[in-house]
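To start, I am sharing the structure in question, which I have written as structure tokens.
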2 protein chains.
Amino acid sequence: MKHLSLKSPSLKEKLLEHSIRPTAQRLAIADFVLQKGRHSTAEMVQEHLKKFFPHISLATIYNTLNLFSKKGLLKEYRFPHSGHVFFDNNTQPHAHFLDENSQEIYDVPMEKVNISLKNDSFEIQDVEVLFKGTLTNKGGQSG
Amino acid sequence: MKHLSLKSPSLKEKLLEHSIRPTAQRLAIADFVLQKGRHSTAEMVQEHLKKFFPHISLATIYNTLNLFSKKGLLKEYRFPHSGHVFFDNNTQPHAHFLDENSQEIYDVPMEKVNISLKNDSFEIQDVEVLFKGTLTNKGGQSG
DNA sequence: TTCTCTTTTTAGAACTATTCTAAAATTAGA
DNA sequence: TCTAATTTTAGAATAGTTCTAAAAAGAGAA
């Protein structure tokens with residue numbers, strides 16, 4: 001347990017600010033999904049928490065991820081390469097890049113994306129953009 | 001059975017051109033997914049075929065949709081509002097619009113979309129664009 | 001503290017979407 | 001018409017997620 005920053009005031013306060021009671025399980029999940037993993041699935045959370053909470057229930061993980069999403073700490077995404085729901089701790093508008101080699105998802109800041117639509121049939125409220133391809137020597141980026 | 005254009009030469013030939021043996025089930029599925037439905041799920045195919053093939057197996061529907069995709073007649077998509085896989089008979093590059101009222105998916109021709117990326121980290125092979133919002137008085141469009 | 005009430009966690013059942021399995025039916029070609 | 005390969009089928013299996021109801025934990029009052 002000593003390896004987990006469960007007592008991190010900022011994390012605990014972050015949950016409280018969002019009216020989420022900071023239980024031990026929720027802090028452990030928050031530590032991973034909000035600070036470590038960028039695009040976490042329930043499975044990834046479970047795998048990561050194994051050493052701290054070997055008996056944590058998948059239901060708790062799903063409950064918590066869904067709660068965090070409802071409270072605005074995470075945003076849900078589905079990507080074409082996987083049946084899993086991904087929980088992204090970047091809740092600001094941004095695009096994604098899927099590396100077809102590693103199946104890894106990277107964030108692409110909207111400043112780098114230029115998108116427009118000639119249209120008179122619908123009112124756009126949101127756009128989801130997924131670039132697919134392969135990483136070059138420079139490596140991925142995020143944020 | 002008389003309501004189904006099962007004997008349509010063009011449909012049968014289309015399958016043959018793609019090295020797909022035109023069985024009765026496949027023709028019935030093709031009639032729907034290639035000519036009627038734009039973004040079909042297995043469930044929608046089953047529902048539509050009920051009157052023609054009340055005992056068709058879901059496995060046959062999935063087998064056929066996956067075969068059509070492999071042969072290039074359909075393209076698979078996953079959208080954020082549904083856990084179902086959607087099979088799109090428009091296999092050319094295009095964007096999508098999701099009407100949040102009806103949960104209906106519409107095609108958006110790429111000519112209407114302008115997208116570019118300032119990037120030096122990855123080689124783009126494909127882009128998926130999903131606009132979300134509501135239809136205006138003009139109604140949806142496709143193709 | 002202790003009591004009580006509410007919230008959270010849990011294991012396992014249930015559910016949804018899809019794939020697998022192995023046997024039966026269909027088909028194509030000799 | 002025979003044979004071998006392909007396709008279809010029902011139902012089991014699998015994957016991912018949600019539901020259920022009971023146990024545990026937590027918050028606030030007395």
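Letters A, B, ... are given to chains in the order of the sequence lines, protein chains preceding strands, and every chain is numbered from 1.
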Checklist entry - Rounding to a whole Å, what distance do you find between B:H55:NE2 and D:dT7:C1'? => result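 Rounding to the nearest Å, NE2 of B:H55 and C1' of D:dT7 are 18 Å apart.
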Item to check | Verdict with supporting geometry, B:E17 and B:K14, salt bridge (charged side-chain N to carboxylate O under 4.0 Å, His left out) | outcome: CA-CA 5 Å; B:E17 276 163 18; B:K14 196 172 196 175; over 6 Å; no
Checklist entry - Does the side chain to side chain contact (heavy atoms under 4.5 Å, CB included) test come out yes or no for A:F122 and A:L117, once each step is laid out? => result CA-CA 10 Å; A:F122 23 82; A:L117 172 67; 3.7 Å; yes
Item to check | A:R26 CZ to D:dA24 C1', straight-line distance once rounded to whole Å | outcome: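 Computing the A:R26:CZ to D:dA24:C1' distance gives 14 Å.
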Next on the checklist: Below 4.0 angstrom, which residues in residues 70-82 of chain B have at least one non-hydrogen atom near DNA chain C?
Outcome noted: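 None - not one residue of the stretch has a heavy atom sitting under 4.0 Å from the strand.
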Checklist entry - Which is it for A:Y77 and A:I105 under the side chain to side chain contact (heavy atoms under 4.5 Å, CB included) test, yes or no, and what are the steps along the way? => result CA-CA 11 Å; A:Y77 286 97; A:I105 294 283; over 6 Å; no
Checklist entry - Nearest of D:dT7, D:dT18, D:dT17 to any side-chain atom of A:H84? => result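 So the nucleotide nearest the side chain must be D:dT17.
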Item to check | For atom CG of A:L58 and atom P of D:dT18, their distance in whole Å | outcome: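 The answer, rounded to whole Å, is 11 Å.
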Item to check | Of A:V85 and B:L67, the one whose closest DNA chain D nucleotide lies more 5' | outcome: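 Upstream on the strand: B:L67.
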Next on the checklist: Is there a side chain to side chain contact (heavy atoms under 4.5 Å, CB included) between B:V127 and A:L130? Walk through the geometry before answering.
Outcome noted: CA-CA 6 Å; B:V127 194; A:L130 174 69; over 6 Å; no
Next on the checklist: From CZ of B:F68 over to C1' of D:dT7, roughly how many Å is that when rounded to an integer?
Outcome noted: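 Whole-Å distance recorded here is 13 Å.
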Item to check | A:N89 side-chain N/O to A:V33 backbone N/O, donor-acceptor pair under 3.5 Å | outcome: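 Such a contact is found between A:N89 side chain and A:V33 backbone.
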Next on the checklist: Applying a 4.0 Å non-hydrogen cut-off, can you work out what B:T23 is touching in the nucleic acid: base, sugar-phosphate, or nothing?
Outcome noted: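 Answer is sugar-phosphate: B:T23 comes under 4.0 Å of backbone atoms only.
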Item to check | Verdict with reasoning, A:F87 to A:E76, per side chain to side chain contact (heavy atoms under 4.5 Å, CB included) | outcome: CA-CA 5 Å; A:F87 294 87; A:E76 292 185 22; 3.5 Å; yes
Next on the checklist: Is it the case that the side chains of B:D107 and B:H39 hold a donor-acceptor pair, with the cut-off being a distance below 3.5 Å and no angle test?
Outcome noted: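 Side chains of B:H39 and B:D107: pair found under 3.5 Å.
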Next on the checklist: Could you go through B:F79 and B:F86, starting from their C-alpha distance and side-chain angles, then the distance that decides it, and tell me whether this counts as ring pair (Phe, Tyr, Trp, His ring centres under 6.0 Å)?
Outcome noted: CA-CA 8 Å; B:F79 297 111; B:F86 287 74; 5.3 Å; yes
Item to check | Under 4.0 angstrom between A:N63 side-chain N/O and D:dT18 OP1 or OP2 | outcome: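 It does not, given that no N or O in the side chain of A:N63 lies less than 4.0 Å from OP1 or OP2 of D:dT18.
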Checklist entry - Whole-Å distance between D:dC19 P and A:Y62 OH? => result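 My rounded result for the distance is 13 Å.
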Next on the checklist: Nearest whole Å is fine: how far is D:dT7 P from B:L15 CG?
Outcome noted: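 Between P of D:dT7 and CG of B:L15: 12 Å.
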Item to check | Common cluster, B:L16/B:F68, ILVMFWY with side-chain heavy-atom separation under 4.5 Å | outcome: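 B:L16 and B:F68: separate clusters.
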Item to check | Atom pair distance, as rounded to whole Å: CD1 in A:I56 and C1' in D:dA24 | outcome: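 Those two atoms, CD1 and C1', are 14 Å apart.
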Checklist entry - 5' to 3' on DNA chain C, which nucleotides open and close the contacts with chain B (atom under 4.0 Å from a heavy atom)? => result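 Here the contact window of chain B covers C:dA17 to C:dA28.
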Item to check | Interatomic distance where CG belongs to B:L65 and P belongs to D:dT7 [whole Å] | outcome: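 Rounding to the nearest Å, CG of B:L65 and P of D:dT7 are 15 Å apart.
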Checklist entry - Relative to the 5' end of DNA chain C, which residue comes earlier, A:T60 or B:R21, by the nucleotide with the nearest heavy atom? => result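 It is A:T60 whose nearest nucleotide is closer to the 5' end.
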